[in-house]
2 protein chains.
Amino acid sequence: MMRIGEVARRAGVTPRALRYYEEKGLLRARRDHNGYRVYEEDTVHAARNIARLLRAGLSSEDVARFGDCLRRERMDPSPDCAALLEVYTARLAMLDRRIEALTELRGRLAEEARRLRAAMAAHASDPDRSPGRREPVQA
Amino acid sequence: MMRIGEVARRAGVTPRALRYYEEKGLLRARRDHNGYRVYEEDTVHAARNIARLLRAGLSSEDVARFGDCLRRERMDPSPDCAALLEVYTARLAMLDRRIEALTELRGRLAEEARRLRAAMAAHASDPDRSPGRREPVQA
DNA sequence: TATGGGCTTGACGCCGGCGTCAAGGTCAAG
DNA sequence: CTTGACCTTGACGCCGGCGTCAAGCCCATA
(Lines give C-alpha, C1' and ligand atoms only; values in the text may rest on other atoms or scores of the structure.)
Protein backbone atom coordinates (compact mmCIF):
# COMPACT_ATOMS: atom_id res chain seq x y z
CA MET A 1 0.00 0.00 0.00
CA MET A 2 1.67 3.11 -1.23
CA ARG A 3 0.70 6.48 -2.47
CA ILE A 4 1.45 7.93 -5.85
CA GLY A 5 4.74 9.59 -5.00
CA GLU A 6 6.35 6.43 -3.76
CA VAL A 7 5.17 4.37 -6.71
CA ALA A 8 6.51 7.05 -9.01
CA ARG A 9 9.91 7.10 -7.37
CA ARG A 10 10.21 3.34 -7.28
CA ALA A 11 9.05 2.90 -10.85
CA GLY A 12 11.10 5.73 -12.21
CA VAL A 13 8.21 7.72 -13.61
CA THR A 14 6.37 10.88 -12.58
CA PRO A 15 3.10 11.07 -10.65
CA ARG A 16 1.66 12.81 -13.66
CA ALA A 17 2.49 9.83 -15.82
CA LEU A 18 0.80 7.48 -13.35
CA ARG A 19 -2.38 9.54 -13.43
CA TYR A 20 -2.21 9.54 -17.19
CA TYR A 21 -1.83 5.78 -17.28
CA GLU A 22 -4.86 5.45 -15.04
CA GLU A 23 -6.84 7.81 -17.25
CA LYS A 24 -5.98 5.63 -20.21
CA GLY A 25 -7.04 2.48 -18.39
CA LEU A 26 -3.55 1.08 -18.05
CA LEU A 27 -3.58 1.21 -14.29
CA ARG A 28 -6.14 1.01 -11.53
CA ALA A 29 -5.97 2.61 -8.13
CA ARG A 30 -8.09 2.45 -5.02
CA ARG A 31 -8.70 5.50 -2.95
CA ASP A 32 -7.90 6.23 0.64
CA HIS A 33 -10.49 7.86 2.93
CA ASN A 34 -9.07 11.25 1.99
CA GLY A 35 -9.21 10.67 -1.73
CA TYR A 36 -5.55 9.83 -2.17
CA ARG A 37 -4.73 7.09 -4.62
CA VAL A 38 -3.52 3.89 -2.99
CA TYR A 39 -1.54 1.30 -4.90
CA GLU A 40 -0.58 -2.33 -4.52
CA GLU A 41 3.00 -3.46 -4.64
CA ASP A 42 2.79 -4.86 -8.14
CA THR A 43 1.83 -1.47 -9.47
CA VAL A 44 5.50 -0.64 -9.41
CA HIS A 45 6.14 -3.43 -11.89
CA ALA A 46 3.16 -2.39 -13.95
CA ALA A 47 4.30 1.21 -14.15
CA ARG A 48 7.78 0.13 -15.13
CA ASN A 49 6.41 -2.18 -17.80
CA ILE A 50 4.09 0.44 -19.15
CA ALA A 51 6.83 3.02 -19.41
CA ARG A 52 9.09 0.49 -21.08
CA LEU A 53 6.51 -0.49 -23.65
CA LEU A 54 5.63 3.11 -24.40
CA ARG A 55 9.27 4.01 -24.83
CA ALA A 56 9.52 0.99 -27.06
CA GLY A 57 7.04 2.57 -29.40
CA LEU A 58 3.80 0.88 -28.46
CA SER A 59 0.77 3.09 -28.13
CA SER A 60 -1.13 3.35 -24.88
CA GLU A 61 -3.95 1.58 -26.64
CA ASP A 62 -1.68 -1.33 -27.40
CA VAL A 63 -0.40 -1.40 -23.87
CA ALA A 64 -3.92 -1.39 -22.50
CA ARG A 65 -4.47 -4.78 -24.08
CA PHE A 66 -1.75 -6.26 -21.93
CA GLY A 67 -4.08 -5.95 -18.96
CA ASP A 68 -3.03 -7.69 -15.79
CA CYS A 69 -0.01 -9.16 -17.47
CA LEU A 70 1.61 -5.82 -16.84
CA ARG A 71 1.57 -6.42 -13.13
CA ARG A 72 4.05 -9.25 -13.26
CA GLU A 73 7.63 -8.24 -12.80
CA ARG A 74 8.80 -10.22 -15.74
CA MET A 75 5.85 -10.29 -18.07
CA ASP A 76 5.92 -14.02 -18.46
CA PRO A 77 3.32 -15.28 -20.82
CA SER A 78 0.49 -17.50 -19.81
CA PRO A 79 -2.64 -18.55 -21.63
CA ASP A 80 -4.71 -15.72 -20.20
CA CYS A 81 -2.28 -13.32 -21.77
CA ALA A 82 -2.73 -14.60 -25.28
CA ALA A 83 -3.64 -11.12 -26.45
CA LEU A 84 -0.02 -10.24 -25.97
CA LEU A 85 0.85 -12.31 -28.95
CA GLU A 86 -1.57 -10.52 -31.20
CA VAL A 87 -0.27 -7.20 -30.05
CA TYR A 88 3.30 -8.22 -30.56
CA THR A 89 2.59 -9.65 -33.96
CA ALA A 90 0.69 -6.62 -35.18
CA ARG A 91 3.34 -4.34 -33.82
CA LEU A 92 6.11 -6.27 -35.44
CA ALA A 93 4.40 -5.86 -38.77
CA MET A 94 4.09 -2.14 -38.13
CA LEU A 95 7.72 -1.89 -37.18
CA ASP A 96 8.68 -3.74 -40.30
CA ARG A 97 6.73 -1.29 -42.38
CA ARG A 98 8.29 1.67 -40.63
CA ILE A 99 11.76 0.26 -40.94
CA GLU A 100 11.20 -0.45 -44.58
CA ALA A 101 9.94 3.07 -45.20
CA LEU A 102 12.87 4.61 -43.40
CA THR A 103 15.30 2.39 -45.21
CA GLU A 104 13.86 3.33 -48.54
CA LEU A 105 14.03 6.99 -47.60
CA ARG A 106 17.58 6.51 -46.50
CA GLY A 107 18.38 5.09 -49.87
CA ARG A 108 16.89 8.05 -51.65
CA LEU A 109 18.70 10.56 -49.50
CA ALA A 110 21.94 8.68 -49.85
CA GLU A 111 21.51 8.68 -53.60
CA GLU A 112 20.91 12.42 -53.66
CA ALA A 113 23.90 12.98 -51.43
CA ARG A 114 26.00 10.85 -53.74
CA ARG A 115 24.93 12.82 -56.78
CA LEU A 116 25.63 16.01 -54.97
CA ARG A 117 29.08 14.96 -53.93
CA ALA A 118 29.96 13.82 -57.42
CA ALA A 119 28.75 17.02 -59.01
CA MET A 120 30.63 19.12 -56.53
CA ALA A 121 33.81 17.22 -57.11
CA ALA A 122 33.42 17.72 -60.84
CA HIS A 123 32.74 21.34 -60.21
CA ALA A 124 35.76 21.80 -58.00
CA SER A 125 38.10 20.36 -60.57
CA ASP A 126 36.56 22.44 -63.33
CA PRO A 127 39.24 24.93 -64.44
CA ASP A 128 36.68 27.57 -65.57
CA ARG A 129 35.35 27.86 -62.11
CA SER A 130 35.83 30.12 -59.14
CA PRO A 131 39.47 31.17 -59.15
CA GLY A 132 39.87 32.20 -55.54
CA ARG A 133 37.60 29.68 -53.93
CA ARG A 134 39.55 28.51 -50.91
CA GLU A 135 37.46 26.20 -48.72
CA PRO A 136 37.75 22.56 -49.58
CA VAL A 137 34.51 20.68 -50.00
CA GLN A 138 33.77 19.55 -46.53
CA ALA A 139 32.56 16.00 -46.11
CA MET B 1 3.70 34.99 -63.21
CA MET B 2 1.06 32.90 -61.58
CA ARG B 3 -1.14 33.08 -58.57
CA ILE B 4 -1.26 30.63 -55.77
CA GLY B 5 -3.90 28.31 -57.17
CA GLU B 6 -2.04 27.61 -60.36
CA VAL B 7 1.25 27.01 -58.60
CA ALA B 8 -0.53 24.66 -56.25
CA ARG B 9 -2.11 22.68 -59.06
CA ARG B 10 1.07 22.47 -61.05
CA ALA B 11 3.18 21.53 -58.08
CA GLY B 12 0.69 19.08 -56.68
CA VAL B 13 0.25 20.74 -53.31
CA THR B 14 -2.46 22.87 -51.71
CA PRO B 15 -2.52 26.66 -51.50
CA ARG B 16 -2.47 26.26 -47.75
CA ALA B 17 0.78 24.39 -47.99
CA LEU B 18 2.30 27.13 -50.11
CA ARG B 19 1.36 29.77 -47.57
CA TYR B 20 2.81 27.59 -44.88
CA TYR B 21 6.06 27.22 -46.80
CA GLU B 22 6.23 30.96 -47.17
CA GLU B 23 5.57 31.45 -43.48
CA LYS B 24 8.44 29.12 -42.74
CA GLY B 25 10.77 30.97 -45.07
CA LEU B 26 10.94 28.21 -47.65
CA LEU B 27 9.33 30.29 -50.34
CA ARG B 28 9.06 33.94 -51.27
CA ALA B 29 6.26 35.64 -53.11
CA ARG B 30 5.70 39.10 -54.46
CA ARG B 31 2.35 40.74 -54.28
CA ASP B 32 0.04 42.01 -56.92
CA HIS B 33 -1.67 45.39 -56.60
CA ASN B 34 -4.62 43.69 -54.96
CA GLY B 35 -2.60 41.79 -52.42
CA TYR B 36 -2.60 38.48 -54.25
CA ARG B 37 0.58 36.48 -54.15
CA VAL B 38 2.44 36.34 -57.45
CA TYR B 39 4.98 33.66 -58.21
CA GLU B 40 7.75 33.03 -60.69
CA GLU B 41 7.86 29.96 -62.84
CA ASP B 42 10.55 28.25 -60.82
CA THR B 43 8.33 28.33 -57.76
CA VAL B 44 6.62 25.28 -59.14
CA HIS B 45 9.87 23.39 -58.94
CA ALA B 46 10.57 24.78 -55.53
CA ALA B 47 7.20 23.73 -54.19
CA ARG B 48 7.61 20.27 -55.64
CA ASN B 49 11.05 19.96 -54.13
CA ILE B 50 9.92 21.18 -50.76
CA ALA B 51 7.03 18.75 -50.64
CA ARG B 52 9.31 15.93 -51.70
CA LEU B 53 11.85 16.70 -49.04
CA LEU B 54 9.24 17.05 -46.34
CA ARG B 55 7.66 13.77 -47.33
CA ALA B 56 11.13 12.34 -47.26
CA GLY B 57 11.32 13.13 -43.59
CA LEU B 58 13.29 16.35 -43.54
CA SER B 59 12.03 19.10 -41.28
CA SER B 60 11.02 22.48 -42.65
CA GLU B 61 14.03 23.87 -40.86
CA ASP B 62 16.25 21.50 -42.77
CA VAL B 63 14.57 22.36 -46.00
CA ALA B 64 14.98 26.07 -45.33
CA ARG B 65 18.72 25.62 -45.53
CA PHE B 66 18.40 24.52 -49.14
CA GLY B 67 17.61 28.09 -50.05
CA ASP B 68 17.59 28.96 -53.70
CA CYS B 69 18.73 25.49 -54.64
CA LEU B 70 15.12 24.50 -54.26
CA ARG B 71 14.18 26.56 -57.28
CA ARG B 72 16.06 24.41 -59.73
CA GLU B 73 14.06 21.68 -61.30
CA ARG B 74 16.65 19.10 -60.69
CA MET B 75 18.36 20.30 -57.57
CA ASP B 76 21.73 20.05 -59.11
CA PRO B 77 24.43 20.96 -56.73
CA SER B 78 26.75 23.85 -57.13
CA PRO B 79 29.25 25.37 -54.73
CA ASP B 80 26.72 27.78 -53.28
CA CYS B 81 24.58 24.84 -52.32
CA ALA B 82 27.18 23.15 -50.19
CA ALA B 83 24.82 23.20 -47.24
CA LEU B 84 22.78 20.54 -48.96
CA LEU B 85 25.44 18.01 -48.29
CA GLU B 86 25.59 18.80 -44.60
CA VAL B 87 21.87 18.50 -44.32
CA TYR B 88 21.79 15.20 -46.12
CA THR B 89 24.63 13.84 -44.08
CA ALA B 90 23.13 14.86 -40.79
CA ARG B 91 19.80 13.49 -41.82
CA LEU B 92 21.24 10.21 -42.91
CA ALA B 93 22.84 9.84 -39.52
CA MET B 94 19.49 10.53 -37.89
CA LEU B 95 17.78 8.01 -40.08
CA ASP B 96 20.41 5.47 -39.25
CA ARG B 97 19.84 6.05 -35.56
CA ARG B 98 16.11 5.73 -35.95
CA ILE B 99 16.39 2.61 -38.03
CA GLU B 100 18.78 1.12 -35.56
CA ALA B 101 16.48 1.90 -32.65
CA LEU B 102 13.50 0.43 -34.42
CA THR B 103 15.45 -2.64 -35.39
CA GLU B 104 16.58 -3.18 -31.85
CA LEU B 105 13.05 -2.76 -30.63
CA ARG B 106 11.87 -5.18 -33.26
CA GLY B 107 14.36 -7.68 -31.96
CA ARG B 108 13.14 -7.32 -28.40
CA LEU B 109 9.52 -7.63 -29.39
CA ALA B 110 10.26 -10.63 -31.56
CA GLU B 111 12.07 -12.24 -28.68
CA GLU B 112 9.17 -11.68 -26.33
CA ALA B 113 6.76 -13.01 -28.92
CA ARG B 114 8.92 -16.08 -29.35
CA ARG B 115 8.99 -16.74 -25.63
CA LEU B 116 5.27 -16.28 -25.46
CA ARG B 117 4.60 -18.66 -28.30
CA ALA B 118 6.88 -21.27 -26.80
CA ALA B 119 5.22 -21.04 -23.41
CA MET B 120 1.81 -21.35 -24.95
CA ALA B 121 2.83 -24.35 -26.99
CA ALA B 122 4.20 -26.03 -23.88
CA HIS B 123 0.98 -25.28 -22.17
CA ALA B 124 -1.08 -26.71 -25.00
CA SER B 125 0.86 -29.95 -25.15
CA ASP B 126 0.69 -30.36 -21.38
CA PRO B 127 -1.09 -33.72 -20.89
CA ASP B 128 -3.05 -32.36 -17.93
CA ARG B 129 -4.26 -29.62 -20.16
CA SER B 130 -5.20 -30.66 -23.64
CA PRO B 131 -7.63 -33.55 -23.86
CA GLY B 132 -7.80 -33.79 -27.64
CA ARG B 133 -4.83 -32.81 -29.72
CA ARG B 134 -6.60 -30.56 -32.16
CA GLU B 135 -5.51 -27.43 -33.95
CA PRO B 136 -1.90 -26.39 -33.81
CA VAL B 137 -1.23 -23.17 -31.99
CA GLN B 138 -2.05 -20.44 -34.44
CA ALA B 139 0.83 -18.28 -35.58
C1' DT C 1 -1.05 27.28 15.12
C1' DA C 2 1.61 27.71 11.35
C1' DT C 3 4.50 25.50 8.07
C1' DG C 4 5.38 22.70 4.40
C1' DG C 5 5.26 18.52 1.71
C1' DG C 6 2.21 15.45 -0.61
C1' DC C 7 -2.08 14.88 -2.60
C1' DT C 8 -6.39 16.21 -5.59
C1' DT C 9 -8.79 17.78 -10.21
C1' DG C 10 -8.76 20.80 -14.24
C1' DA C 11 -6.84 22.65 -18.03
C1' DC C 12 -3.51 24.64 -21.24
C1' DG C 13 1.13 23.87 -23.73
C1' DC C 14 4.08 21.36 -26.88
C1' DC C 15 5.53 19.71 -31.64
C1' DG C 16 4.82 19.67 -37.21
C1' DG C 17 2.61 20.19 -41.25
C1' DC C 18 -0.70 21.38 -42.65
C1' DG C 19 -6.67 20.78 -42.92
C1' DT C 20 -10.43 23.37 -42.36
C1' DC C 21 -13.58 26.77 -41.23
C1' DA C 22 -14.69 31.97 -40.95
C1' DA C 23 -15.35 36.48 -42.74
C1' DG C 24 -14.41 39.27 -46.26
C1' DG C 25 -11.96 41.54 -50.64
C1' DT C 26 -11.34 41.14 -56.12
C1' DC C 27 -12.62 40.59 -60.60
C1' DA C 28 -14.32 38.59 -65.11
C1' DA C 29 -18.42 36.82 -67.15
C1' DG C 30 -23.43 36.73 -67.85
C1' DC D 1 -25.75 44.11 -60.74
C1' DT D 2 -24.95 39.43 -59.39
C1' DT D 3 -22.80 35.34 -59.34
C1' DG D 4 -19.05 32.59 -58.28
C1' DA D 5 -14.26 31.40 -58.62
C1' DC D 6 -10.20 32.80 -56.51
C1' DC D 7 -7.76 35.37 -53.28
C1' DT D 8 -6.64 37.37 -48.32
C1' DT D 9 -5.54 36.93 -42.98
C1' DG D 10 -6.57 34.72 -38.59
C1' DA D 11 -7.23 31.07 -35.83
C1' DC D 12 -8.53 26.52 -34.06
C1' DG D 13 -7.97 21.26 -34.71
C1' DC D 14 -5.20 17.14 -34.82
C1' DC D 15 -2.28 13.44 -32.41
C1' DG D 16 0.27 11.37 -27.97
C1' DG D 17 2.36 11.42 -23.82
C1' DC D 18 2.88 13.68 -20.77
C1' DG D 19 5.04 18.82 -18.49
C1' DT D 20 3.57 22.41 -16.01
C1' DC D 21 0.97 25.67 -13.73
C1' DA D 22 -3.22 26.81 -10.69
C1' DA D 23 -6.08 26.52 -6.70
C1' DG D 24 -7.00 24.10 -2.91
C1' DC D 25 -7.36 19.90 0.59
C1' DC D 26 -4.87 16.58 4.18
C1' DC D 27 -1.84 15.77 7.68
C1' DA D 28 2.48 15.32 10.51
C1' DT D 29 5.64 18.03 12.90
C1' DA D 30 7.85 22.11 15.43
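These figures come from a predicted structure and were not determined experimentally. So that the names make sense, note that chain A is the first sequence line, chain B the second, and so on, each numbered from 1.
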Short heteroatom pairs, N/O only, protein and nucleotides 23-27 of chain C, under 3.5 Å:
from: C:dG25; atom 1: N2; to: B:Y36; atom 2: OH; distance (Å): 2.5
from: C:dT26; atom 1: O4'; to: B:Y36; atom 2: OH; distance (Å): 3.3
from: C:dC27; atom 1: OP1; to: B:H33; atom 2: NE2; distance (Å): 3.1
from: C:dC27; atom 1: OP1; to: B:N34; atom 2: ND2; distance (Å): 3.4

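Checking B:T14 against A:P15, the closest nucleotide of DNA chain C that is more toward the 5' end is the one next to A:P15. Toward the 5′ end of DNA chain D lies the nearest nucleotide of B:R19, the other residue of the pair B:R19 and A:L54 mapping further downstream. Residues A:Y39 and B:I50 both approach DNA chain C. Their nearest nucleotides, taken by heavy-atom distance, put A:Y39 toward the 5′ side.
Although no hydrogens or angles enter the test, the distance criterion places no donor-acceptor pair under 3.5 Å between the side chain of A:T43 and the main chain of A:A46. The main-chain N or O of A:D62 is found under 3.5 Å from a side-chain atom of A:S59 such that the two form a donor-acceptor pair.
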Name every donor-acceptor pair, under 3.5 Å, that has one atom in a side chain of residues 30-39 of chain A and the other anywhere in the protein, sequence neighbours excluded.
from: A:R30; atom 1: NH2; to: A:E40; atom 2: OE2; distance (Å): 2.4
from: A:R31; atom 1: NH1; to: A:G35; atom 2: O; distance (Å): 2.9
from: A:N34; atom 1: OD1; to: A:Y36; atom 2: N; distance (Å): 3.0
from: A:R37; atom 1: NE; to: A:E22; atom 2: OE1; distance (Å): 2.7

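With sequence neighbours excluded, no residue forms a salt bridge (Lys or Arg N to Asp or Glu O under 4.0 Å) with B:R48. Checked against side-chain contact (heavy atoms from CB on, under 4.5 Å), B:A64 has the following partners two or more places apart in sequence or in another chain: B:L26. For A:R3, the side chain to side chain donor-acceptor pair (under 3.5 Å) test picks out no residue, with sequence neighbours left out. Every salt bridge (Lys or Arg N to Asp or Glu O under 4.0 Å) that A:R10 has, sequence neighbours left out, goes to A:E6, A:E41.
Taking every heavy atom of residues 23-32 of chain B and every atom of DNA chain D, pairs under 4.0 Å involve B:R31, by number.
Residues A:V63 and A:L70 approach most closely at O-CD1, 3.9 Å, considering heavy atoms. In plain terms, the two heavy atoms of A:A47 and A:Y21 that are nearest each other are O-CE1, 4.4 Å. Residues A:V13 and A:A51 come closest through the heavy atom pair CG1-CB, 3.9 Å.
First and last contacting nucleotides of DNA chain D toward chain B (any atom under 4.0 angstrom from a heavy atom, 5' to 3' order): D:dC6 to D:dA11.
Computed from C1' positions of five pairs at each end, the angle between the two local axes of the helix from C:dT1-D:dA30 to C:dG30-D:dC1 equals 50°, rounded to 10 degrees.
For the atom pair CZ of A:R16 and CD1 of A:I4, the computed distance is 9.5 Å after rounding to the nearest 0.5 Å. Atoms CD1 and CZ, on A:I50 and A:R55 in that order, are 11.5 Å from each other to the nearest 0.5 Å.
The closest side-chain heavy-atom distance from B:R19 to B:L27 is not below 4.5 Å.
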